[in-house]
Amino acid sequence: MLLTGGRVIDPANRFDAVADVLVVDGKIAAVGPGLAPGAPAQIQRFDADGLVVCPGLIDLHAHLREPGQSAKETIATGTASAARGGFTSVVCMPNTSPAIDNPGTVALIRERAARESKINVFVAGAITNNIAGEELAPIGSLKSAGVIAISDDGHCVQNNDLMRRALEYAKMFDLPVMDHCQDYSIVTDGVMHEGYWSAVLGLRGWPASGEELIVSRNILLAGLTGAHVHCQHMSSAGSVQLLREAKKRGIPVSGEACPHHFTLTDTGLAGSEKFWSTDGRDIMAGPPEGRPRWPSYDTNFKMNPPLRSAADRAAVIEGLADGTLEIISSDHAPHCDYEKEVEFDYAPFGIVGFETELALALMQLYHSKKLSLSDLIAKFTVAPARLLRLPGKGHLGIGADGDLTVFDPGQEWTFDPGTSPGKSRNSPFAGWAMKGRARATIVNGAIAWQGRN
Ligand SMILES: [Zn+2]
């Protein structure tokens, strides 16, 4: 395949120029101007004029729900949604049913993905058996079966000694450990950020310190063991500051942020977009026209960790801008309508994210001038590829895998979850005006998905 005339951005190689990209036998064969005359005559051509061409986007945090929860999503539907969002690789989390804590389940997912997915599916194995936090999963066998990381995502290992052993094993097997940071003793059954709005709405709070305690624990254990700990979906200002300071000291930690945490705040639960520029309290005190008009207690605003304050959101954006948070992920977490259409306390945590991820990142970080396009793309490409030790992914060096994402950073569109090839519709962004959209998702030099403008 030959892509011509696009703005090619390859952060790993500090390349940003209008150029052609030639993919031969599924691998990057050349990047540069004027490749058309030398290309094989019968080669498939893609006119990328006016579009950005970059290494295929990687989403290292997603829930594909197979095996066991295929009413919410399947490998086929989840990866179709990811392809439509511009992603060429996704990492599925192990909190399936049964959990991905044994080589058989890893094999099942890999076989099914090979048959049913047009994009790459990588598997994260569990840290502990059945994600119960009690005894270590067979980490060596999971590695042999092909997992590329371990995580108890959705849950968090509470026993610090067990976590230390997990890190020591993971280091021995050269596997990154990804952690969902939640201290159960302080979070208990919180359903939203603990603060002003949890008090006003009468919902149980999930305090930021519940995340920060485990981030601190992970920093200490990374220092003790020398194993790398990746902190998933960072939501609080304190977590960002802890990571920033630890990285300065050379501790092997990293962090990731999700679009909902750098776009929304907990005032969304009270139901107004106007609230999102501030913490909303002043508007509540003012004249009624500024007050919430959307339904409050919308369970599509319920996720774990929860949406936090405007100050937390600003800190997450600052952490992305200064490089403290190197990676952006969706935490794509599909749930059926009937599961979400219940009282707020009873609804499951999580929202779908593949198809809004790129646009929200572009809007909040690039169009708002917080990050250059190249630095933003790095958080979807070279940074996750390095963490996951995928040398052929995340860059456009000669011989790299022929995975490419083509997108229009300026395209304006409206998100309608009803058009998604995914099975679930649980998004707080329904009806939102978006800016920036994938146009083609190319895997091993073949088009996995292509959309119109
Ligand atoms: Zn999680």
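We count ligands from 1, going down the list as the structure has it; atoms in each ligand are counted the same way. One-based numbering along the sequence shown.
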(message) Among H261, R308, E212, which residue satisfies the side chain to side chain donor-acceptor pair (under 3.5 Å) criterion with S236?
(response) E212

(message) Can you confirm whether more than 12 heavy atoms, excluding those of R84, are under 6.0 Å from its CZ atom?
(response) yes

(message) With side chain to side chain donor-acceptor pair (under 3.5 Å) as the test, pick out the partner of S151 among Q232, H230, H180.
(response) Q232

(request) Might you confirm whether atom CZ of R110 has over 12 heavy atoms from other residues, nucleotides or ligands at distances under 6.0 Å? (result) no

(request) Determine, stepwise, if the pair S70 / E66 fulfils side chain to side chain donor-acceptor pair (under 3.5 Å). (result) CA-CA 6 Å; S70 51; E66 230 180 340; 5.6 Å; no

(message) Assess the residue pair E111 and R115 against the criterion (salt bridge (Lys or Arg N to Asp or Glu O under 4.0 Å)); give the C-alpha distance rounded to whole Å, side-chain angles, the decisive distance to 0.1 Å, and a yes or no.
(response) CA-CA 6 Å; E111 280 163 25; R115 265 201 324 270; 5.3 Å; no

(message) So, with waters excluded, how many protein N/O/S atoms does the Zn ion (ligand 1) have closer than 2.8 Å?
(response) 3

